[in-house]
Amino acid sequence: MTRTIKTLILASVAALAMGVSAHAAGLTVGFSQIGSESGWRAAETAVTKQEAEKRGIDLKFADAQQKQENQIKAIRGFIAQGVDAIFVAPVVATGWEAVLTEAKEANIPVFLLDRGIDGPEDLYTTMVASDQVLEGKVAGDWLVKDQAGKECNVVELQGTTGSSPAINRKKGFEEAIAGTPTIKIIRSQTGDFTRAKGKEVMEGFLKAENGGKNICALYAHNDDMAVGAIQAIKEAGLKPGTDIKVVSIDSVPDIFQALAAGEANATVELTPNMAGPAFDALEKLKKDGTVPPKTIITESKLYTQADDPMKVYEEKKGLGY
Ligand code: AHR
């Protein structure tokens, strides 16, 4: 055996021992992240970086600070660098055709993470995301069951206007309550998925609705807005979780503390690990051309106060949220 062959074999054994597959190592992936608007988003960023490192993938990370124009610029940069794949969490659903066509023409596969786009499906290889309509439906079903026929005025904090989760989570919730005329959405406004905006908009809802006395429940498209709103409810002299029921989406650690304190009622879990399945799909694609399914759907699990929230909090708190 020549010295070169021996060296190559030793290098492969070392790579395998480190858990780095021969195909993953050496890949370069550009990731255009939306920003850091929520605890969930921070966890998604952390998990993506960890997954890349574990697999020996060189991850080029670009934070778009909630701006689509920054995402488009980053994607063009990745194309110019000739990366092996582009991951993008699209801040809004529309306006992607031109840049994704450029990626397609450069033969760079595009993976959508956690949000969808309005546009032809051939502009991307696969999308790893939750069923966002289902998330809204799970939240709405919980409220219908909880209210058991009682009159209930709901205020809704929507996510970023024009984003797929804001559109779909609204739709799913509305579908869930459609057969229950006693439950009505009386106010609905965007809180942009942030804690500060969630608080500010909730303060407005409380003022407009007799100090909150007309409000029975809050539906927030993410936990961060719910946590901000919980603060506003307390400052208005009401008890969140009791005077105003709180149901939201994400399952970040802070909402489990609120559930344990009786200040929130239910949350629908969204895994921050969108990158793991996307990297798996990319590795298979590069290895033998296996084309992944168009959508890879993650689970949407409901948690309530009955689910030992402090135990879940302990499990989640160190995971990058
Ligand atoms: O696209 C997923 C959503 O984006 C999360 O639910 C929210 O917290 C984030 O900002």
Side-chain angles (χ1 to χ4, degrees), residues 19 31 33-55 57 59 61 87 89 113-115 128-132 134-143 145-146 157 159 165 169 172 193-195 198 218-231 234 240-242 245-281 296-321:
F31 177 28
Q33 176 60 294
I34 291 170
S36 49
E37 73 280 4
S38 65
W40 184 90
R41 183 70 50 202
E44 188 195 42
T45 296
V47 172
T48 307
K49 289 180 176 173
Q50 284 158 15
E51 284 289 328
E53 202 181 330
K54 202 167 87 186
R55 294 159 194 259
I57 288 173
L59 188 76
F61 181 79
F87 285 10
L113 300 193
D114 77 84
R115 295 188 185 182
V128 184
S130 56
D131 179 339
Q132 296 162 345
L134 177 69
E135 290 170 330
K137 192 160 179 326
V138 170
D141 286 343
W142 175 82
L143 188 67
K145 201 165 161 215
D146 178 74
L157 284 170
R169 290 174 183 171
F193 281 130
T194 70
R195 211 170 273 217
L218 161 72
Y219 166 46
H221 290 190
N222 80 346
D223 291 341
D224 278 71
M225 292 188 294
V227 170
I230 286 169
Q231 191 55 36
K234 289 205 270 192
T242 309
K245 298 284 177 103
V246 178
V247 54
S248 52
I249 295 166
D250 275 358
S251 294
V252 302
D254 287 356
I255 207 73
F256 286 96
Q257 286 190 304
L259 283 166
E263 295 180 346
N265 304 87
T267 178
V268 184
E269 186 172 41
L270 174 67
T271 176
N273 187 10
M274 301 285 161
F279 283 134
D280 287 346
I296 299 173
I297 298 290
T298 62
E299 216 195 322
S300 303
K301 181 179 169 191
L302 179 77
Y303 285 94
T304 67
Q305 291 175 353
D307 292 308
D308 198 351
M310 278 320 281
K311 184 168 171 261
V312 188
Y313 169 76
E314 290 299 330
E315 287 162 7
K316 285 189 174 245
K317 72 175 187 200
L319 299 179
Y321 286 96

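Just so it is clear, the values below take in all heavy atoms, side chains as well, and ignore hydrogens, waters and symmetry mates.
- To the nearest 0.5 Å, the span separating CG on Leu270 from OG on Ser130 amounts to 4.5 Å.
- Taking CG from Asn265 and OG1 from Thr242, the interatomic distance works out to 7.5 Å, rounded to the nearest 0.5 Å.
- A 4.5 Å side-chain heavy-atom check between Glu135 and Pro165 finds every atom pair outside the cut-off.
- Atom CE of residue Met225 and atom CD1 of residue Ile249 lie 8.5 Å apart, to the nearest 0.5 angstrom.
- The distance from the CG atom of Leu143 to the CG atom of Asp146 is 6.0 Å, given to the nearest 0.5 Å.
- Proximity of a side-chain donor or acceptor of Asp223 to a complementary backbone N or O of Ile255 within less than 3.5 Å is not detected.
- We find that Asp224 and Arg41 are not joined by a salt bridge, their nearest charged nitrogen and carboxylate oxygen being 4.0 Å or further apart.
- Heavy atoms only, all atoms of each residue included: Thr271 and Trp40 are closest at O-CZ2, 3.3 Å.
- The residues Asp131 and Lys137 are annotated as not salt-bridged, no charged nitrogen and carboxylate oxygen being separated by less than 4.0 angstrom.
- For the atom pair CG of Leu218 and CG of Leu157, the computed distance is 5.0 Å after rounding to the nearest 0.5 Å.
- The heavy-atom pair separating Ile296 from Ala281 by the smallest distance is CD1-CB, 4.4 Å.
- Contacts of Gln231 classified as side-chain contact (heavy atoms from CB on, under 4.5 Å), with partners at least two apart in sequence or in another chain: Lys199, Lys234, Glu235.
- Between Phe279 and Phe87, the ring planes lie tilted relative to each other; the angle falls in the 30° to 60° range.
- For Ile230 against Pro240, the heavy-atom pair with the smallest separation is CG2-CG, 3.6 Å.
- The closest side-chain heavy-atom distance from Thr48 to Gln33 is not below 4.5 Å.
- A salt bridge is absent between Lys311 and Glu314: the closest approach of a Lys/Arg side-chain nitrogen to an acidic carboxylate oxygen does not fall below 4.0 angstrom.
- The two residues Ala43 and Tyr321 make their nearest non-hydrogen contact at CB-CD2, 3.5 Å.
- Cation-pi geometry between Lys49 and Phe61 is met: under 6.0 angstrom from the ring centre, within 45 degrees of the axis.
- Residue Gln132 comes nearest to Arg115 through the heavy atom pair NE2-CA, 4.0 Å, listed as atom of the first residue, atom of the second, then distance.
- No side-chain heavy atom of Lys317 sits under 4.5 Å from any side-chain heavy atom of Phe256.
- Remark: Glu269 CD to Thr298 OG1 distance equals 9.0 Å, nearest 0.5 Å.
- Of all non-hydrogen atoms in Asp254 and Arg195, the two that sit nearest each other are OD2-NH2, 2.9 Å.
- Here the side chains of Phe31 and Leu113 are in contact, with some heavy-atom distance below 4.5 Å.
- The closest donor-acceptor contact from the side chain of Trp142 to the backbone of Leu302 lies at 3.5 Å or more, if one exists at all.
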